[in-house]
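What you see below is based on every heavy atom in this structure, not just the backbone, and it leaves out hydrogens, waters and symmetry mates. When a residue number appears, it is its place in the shown sequence, counting from 1.
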Amino acid sequence: MASQGDENAELEAASAGGTPASQVEPEVVNNSVYQPINGSQNHQKEKLQALGAVQIMNGATILALGVFLGALQSIFRLFRPFFLVFYTGYPLWGAVFFIVSGSLSVAAGRKPTKKLVEHNFGMNIASTTIALVGFVLVSINLAVNKYSLKECPSSQSLDLCICMDILSNGIMSLMLILTLLELCISISVSAMWCAENACNSREAISSPGNSV
């Protein structure tokens, strides 16, 4: 009887001073809250690849429009003011920046290594700046077209001047829409990168508290 009393006393002391098993399990559950969700990561990768593909298409289309503008200005040399943006080189270097940014976005979506993601972020910041510059240049070209139509060379017929003005305005308007689309995509990709970094920083700060 005395030995049974001693065993009961020891069990009561252990239960009073120790940690019950039911209190240990929630810690494991809490630690799993800060682990990334695979479904969310896959969605981000697919979104990044889709945005990158659109960037590549934008760049290729702007480059094609630039080549078309170059062909027109070589044929109609008297109407060079209608193709002002071609002489700035924006359809070339702007398109190259957009295609490279899109390619990095697609690559980062397929294999998101730290170095590749950082390069993608830097290129999208540069593409945002290029898109802003392109927006200004194309807007200036559209404004110059109105003045160029009034000052059309007297040796040319008015109908030809009107046709060149309509053609130039159409190309510039399409290029302006593509430039604005590229601007929105570049900002979106940069915002995704900043949001991901903020989440990672929050997880790094919260993890030590959970282990304690």
Notebook entry, point to check: Got a second to check how far T61's OG1 is from I99's CD1, nearest 0.5 Å?
Noted result: 9.0 Å

Notebook entry, point to check: Does any non-hydrogen side-chain atom of Y90 lie less than 4.5 Å from one of V136?
Noted result: no

Notebook entry, point to check: Quick one: side-chain hydrogen bond (donor to acceptor under 3.5 Å, both in side chains) partners of S127, sequence neighbours excluded?
Noted result: S101

Next item on the list: List the steps, then state whether side-chain contact (heavy atoms from CB on, under 4.5 Å) holds for F135 with L183.
Entry: CA-CA 9 Å; F135 174 78; L183 178 62; 5.9 Å; no

Next item on the list: For A95, enumerate each residue passing the side chain to side chain contact (heavy atoms under 4.5 Å, CB included) test, keeping only those at least two apart in sequence or located in another chain.
Entry: I62, L63

Item checked: Test side chain to side chain contact (heavy atoms under 4.5 Å, CB included) applied to S173 - qualifying residues, sequence neighbours left out -> L142

Notebook entry, point to check: Any side-chain heavy-atom pair from L72 and I171 closer than 4.5 angstrom?
Noted result: yes

Next item on the list: Answer yes or no: is there a donor N or O on one side and an acceptor on the other, between the side chain of N124 and the main chain of N120, under 3.5 Å?
Entry: yes

Margin query: One pair to check against side-chain contact (heavy atoms from CB on, under 4.5 Å): L51 and M192. What are the steps and the verdict?
Written below: CA-CA 11 Å; L51 292 176; M192 287 172 59; 4.1 Å; yes

Check: CG of L180 to CE of M175: how many Å apart, nearest 0.5 Å?
Finding: 12.5 Å

Notebook entry, point to check: Does V67 have any side chain to side chain contact (heavy atoms under 4.5 Å, CB included) partners at least two apart in sequence or in another chain, and if so, which?
Noted result: none

Notebook entry, point to check: Side chains of I177 and L181: does their closest heavy-atom pair fall under 4.5 Å?
Noted result: no

Notebook entry, point to check: Just by distance, do the side chain of T88 and the backbone of V85 share a donor-acceptor pair under 3.5 Å?
Noted result: yes

Notebook entry, point to check: How long is the span from the CD atom in Q55 to the OG atom in S186, to the nearest 0.5 Å?
Noted result: 5.0 Å

Notebook entry, point to check: With sequence neighbours left out, what residues match F86 under ring-ring contact (aromatic ring centres under 6.0 Å, His included)?
Noted result: none

Item checked: Intermediate values then yes/no, side-chain contact (heavy atoms from CB on, under 4.5 Å), L132 and T179 -> CA-CA 8 Å; L132 286 173; T179 301; over 6 Å; no

Checklist line | ring pair (Phe, Tyr, Trp, His ring centres under 6.0 Å) partners of residues 97-121, not counting sequence neighbours, each pair once | finding: F121-W193

Next item on the list: Looking only at non-hydrogen atoms, find the nearest pair between L116 and K111 and report the distance.
Entry: CD2-O, 3.4 Å

Notebook entry, point to check: Between the side chains of S105 and Q49, is a donor N or O closer than 3.5 angstrom to an acceptor N or O?
Noted result: no

Check: Apart from V106 itself, what residues make up its hydrophobic cluster, given side-chain heavy atom links below 4.5 Å?
Finding: I56

Item checked: Residues which pass side-chain hydrogen bond (donor to acceptor under 3.5 Å, both in side chains) with N145, listed by chain and number, not counting sequence neighbours -> N141, S168, N169

Next item on the list: Take K45 and R110, measure what side-chain contact (heavy atoms from CB on, under 4.5 Å) needs, and give me the verdict at the end.
Entry: CA-CA 7 Å; K45 290 179 181 179; R110 291 179 178 177; over 6 Å; no

Item checked: For L174, all residues meeting side chain to side chain contact (heavy atoms under 4.5 Å, CB included), sequence neighbours excluded -> L65, L178

Notebook entry, point to check: Do you reckon V133 sits in the same ILVMFWY cluster as M172, going by side-chain contacts under 4.5 Å, direct or chained?
Noted result: yes

Item checked: From L69 atom CG to L92 atom CG, the distance as rounded to the nearest 0.5 Å -> 12.5 Å

